[in-house]
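Chain naming here is simple, since letters A, B, ... match the order of the sequence lines and numbering starts at 1 in each.
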Amino acid sequence: MTDRIQPRTLKGFRDYLPRVMLAREHIIETARRVFRSFGFSPIDTPALEYLEILLGKGGLETDKQLYRFQDHGGRDVGLRFDLTVPLARFAAQHINELGTPFKRYHIATVWRGENTQAGRYREFMQCDFDTIGTQGAAADAETVLVAHELLRAIGFERFTIHVNNRLVLNGLLESLGLAEQATQVLRAIDKLAKIGADRVVEEMCETAGASADEARRVVEMVELTGTNDEVLTKLRPLVGSSQRGLEGLERLAELWSALHNAGVPEQRVKLDVSIARGLDYYTGTVLETLLDDKREIGSVCSGGRYDNLAELYTKQQLPGIGASLGLDRLIAAMEELGLLPTAQTPSQVFIPYFDAAHLGNYFQLAAVLRTAGLAAEIYPESTKLGKQLQYAARKGIRVAVIAGQREFDSGECQVKNLSTGDSTTVSLAENAAELISEAQRILASTS
RNA sequence: GUGGCUAUAGCUCAGUCGGCUAGAGCGCCAGAUUGUGGCUCUGGAGGUCAAGGGUUCGAGCCCCUUUAGCCACCCCA
């Protein structure tokens, strides 16, 4: 007996079984459909890039999380850790050919060598969409609309898109003379929900060198509550002295009215001044989407506006706005909320196998069903009918088409609803039209 | 990367003070029931107690290392 190799996967890397994979693919297909319906075009880029491209100006953190090595030709390379840096490089290389504005979506795997935690893995998928080459406010509104439609199409009703504009925060920081330490201040603000106002004030004093009074004013502003209009009104005097802050308020007001006119329900979009997003490259609108029933899992769709996407790679200035759907987080949330479908197979119609003499008939039957758009599966061997039906039911197949000698003799077959156990007899004449409509009827009924 | 907790059957877990051949529920397979699943009954398979090393007459239990998972910090471009 030879020594077997222990089957195992690397830390932070996972296998996906059919049940989860079906859900993943369903969400990816939904996202794709939504992106395309807004006119975003698909692109892809290599998983492996030159190290210098990925490192960019990124600091120590990037360096620590990056999977890097030398390829067989001795080149320093790394695995992409997000889809934004590849987009920047891509835009610098191709934007003249593509022209602006350019709208793209990119659904792909990224890798980060960070420590794992629930919902945080070393290999995961991002679904990004961006509109680059425009400063227009319509793109901001559309980004929120896409996020809204994404969640809705995936099947969520209870979620809130928290929106803010960095100009508002920057305006206040400017008037307080804290503009230089914006990154540290914003990082502290990001933790507000987690650690509370007092400790955020503390952190701002320590890391950003703010005075206690300044820190308190910042916290006071980001903690404003009320309807969107009320918050806007309360903000006005707070940023009053700053031109930037006023511009931010202007754009937020504009955004509300656009979203309102687009028919987005008021309660789904909320002005939240505490939304800063840790990254220092966001310059305008920022958004984070929380599931009302699973807020603790964090944002499942977030992004924002930036002034200059590709400055590291080209002189051409490319402003834009985009966001990213957190596929793995979303699936983790759906799992916990019991929203993951239980099906373990894409099969919709099951055909038991009675005897080899009719195998040809089964293949023909399955082909007719497939032509009608139904995924049909034939059991691979002739065994007890009960066992075959049990297999089908366990996999979550909802319809069985039962046809043995008796049925073929009379030109009929049984259509069995595997959820209820009911079964009806239909004719196989006219390309099994009756069978198809009965199967479709059962599949259309609530599962 | 730092610190803490954890790892026993496919899943969820029990396993006393270190003591015989490691258990339960669920799931799985088979039969009861040769053309109709989910219920019931009967039987069965399945374990290097995460891996490796150490202490001991004796280790699932104690110690060390490794691997993996969870939590906090960090970070989330």
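The side chain of R394(A) sits closest to C29(B) out of C76(B), U36(B), C29(B). The side chain of N115(A) lies closest to A72(B), out of A72(B), G35(B), U33(B). Closest contact between the side chain of R8(A) and the listed nucleotides G35(B), C75(B), U67(B) involves U67(B). Here A30(B) is the nucleotide among G69(B), C74(B), A30(B) with the atom lying nearest to any side-chain atom of K387(A). Here G35(B) is the nucleotide among C76(B), G35(B), G38(B) with the atom lying nearest to any side-chain atom of Q405(A). Of the candidates U36(B), A68(B), G37(B), U36(B) carries the atom nearest the L385(A) side chain, counting heavy atoms from C-beta on. For Q390(A), taking side-chain heavy atoms from C-beta onward, the closest of the listed nucleotides G38(B), U36(B), C28(B) is G38(B). Of the candidates G35(B), C74(B), G37(B), G37(B) carries the atom nearest the A393(A) side chain, counting heavy atoms from C-beta on. Comparing G31(B), A68(B), C74(B) by their nearest atom to the side chain of K384(A) picks out G31(B).
Looking at F156(A) and D292(A), their side chains never come closer than 4.5 Å, going by heavy atoms from C-beta outward. L374(A) has its side chain out of reach of V399(A): every pair of non-hydrogen atoms, C-beta onward, lies at least 4.5 Å apart. Looking at R112(A) and D82(A), their side chains come closer than 4.5 Å, going by heavy atoms from C-beta outward. Between D128(A) and Y105(A), the closest side-chain pair of non-hydrogen atoms is not below 4.5 Å. F90(A) has its side chain within reach of F102(A): a pair of non-hydrogen atoms, C-beta onward, lies under 4.5 Å apart.
With both ends at atom P, the span from G10(B) to A50(B) equals 13 Å, rounded to whole Å. C26(B) and A68(B) have their C1' atoms separated by 25 Å, with the value rounded to a whole Å. Look at the P atom in both A7(B) and U12(B): the space between them is 13 Å, to the nearest Å. Straight-line distance between the C1' atoms of U2(B) and C17(B): roughly 36 Å, to the nearest whole Å. With both ends at atom C1', the span from U65(B) to C71(B) equals 23 Å, rounded to whole Å. Atom P of G23(B) sits at a distance of 31 Å from the matching atom of G69(B), rounded to the whole Å. For G31(B) and A45(B), the C1' atoms lie 14 Å apart once the distance is rounded to whole Å. Here the separation of A9(B) from A22(B), taken at their P atoms, is 14 Å to the nearest Å.
Residue Q126(A) is out of contact with every strand shown, counting any heavy-atom pair closer than 4.0 Å. In this structure, G304(A) reaches neither bases nor backbone, as no heavy-atom distance under 4.0 Å exists between it and the strands shown. Nucleic acid contact for G404(A): base, since at least one base atom lies under 4.0 Å from a heavy atom of the residue. Using a 4.0 Å heavy-atom cutoff across all strands shown, D422(A) reaches no nucleic acid atom at all. Note on G421(A): a base of the nucleic acid sits closer than 4.0 angstrom, heavy atoms only. Contact annotation for F354(A): base contact, defined as any heavy-atom pair under 4.0 Å involving a base atom. Heavy atoms of K395(A) sit nowhere under 4.0 angstrom from any nucleic acid atom.
With RNA chain B read from its 5' end, the first of the two nearest nucleotides for F13(A) and S423(A) is the one closest to S423(A). A residue-by-residue look at T116(A) and T84(A) shows that T116(A) has its nearest nucleotide of RNA chain B further toward the 5' end.
In this structure, OH of Y391(A) is placed 18 Å from C1' of G27(B), rounded to the nearest angstrom. The CD-C1' distance, from Q414(A) to G35(B), rounds to 8 Å in whole Å. Rounded to an integer number of Å, the gap from R329(A) CZ to C75(B) C1' is 12 Å. Rounded to whole Å, atom C1' of C75(B) lies 15 Å from atom CG of L66(A). For R14(A) and U67(B), the CZ to P distance is 21 Å, given to the nearest whole Å. The distance between atom CZ of R120(A) and atom P of C76(B), rounded to the nearest whole Å, is 10 Å. If you take OH of Y121(A) and P of A68(B), they are 15 Å apart, rounded to a whole angstrom. R122(A) has its CZ atom 11 Å from the C1' atom of A68(B), to the nearest Å.
Side-chain atoms of E174(A) and N170(A) include no donor-acceptor pair closer than 3.5 Å.
Checked by distance alone, K416(A) brings a side-chain donor or acceptor within 3.5 Å of a matching partner on the base of U36(B). Side-chain to base pairing of Q388(A) with G35(B): no donor and acceptor N or O lie closer than 3.5 Å to each other. For C75(B), the base has no donor-acceptor partner in the side chain of R112(A) [N/O atoms by modelled type, under 3.5 angstrom].
For K191(A), a side-chain nitrogen or oxygen approaches OP1 or OP2 of C74(B) to under 4.0 Å.
Note: Y353(A) and Y362(A) have perpendicular aromatic rings, judged against thresholds of 30 and 60 degrees for the angle between ring planes. Note on ring orientation: taking the six-membered ring where Trp is involved, the planes of F129(A) and F40(A) are perpendicular (angle over 60°, cut-offs 30° and 60°). Between Y391(A) and Y379(A), the ring-plane angle classifies as perpendicular under the 30° and 60° cut-offs.
R24(A) CZ: more than 12 foreign heavy atoms inside a 6.0 Å radius.
Minimum interatomic distance between T143(A) and L287(A) (heavy atoms only, all atoms of both residues): CG2-CD2, 3.9 Å.
Base pairing in RNA chain B gives the following stems of 3 or more Watson-Crick or G-U pairs, range against range and under 3.5 Å: B:1-7 with B:67-73, B:10-13 with B:23-26, B:28-32 with B:40-44, B:50-54 with B:62-66.
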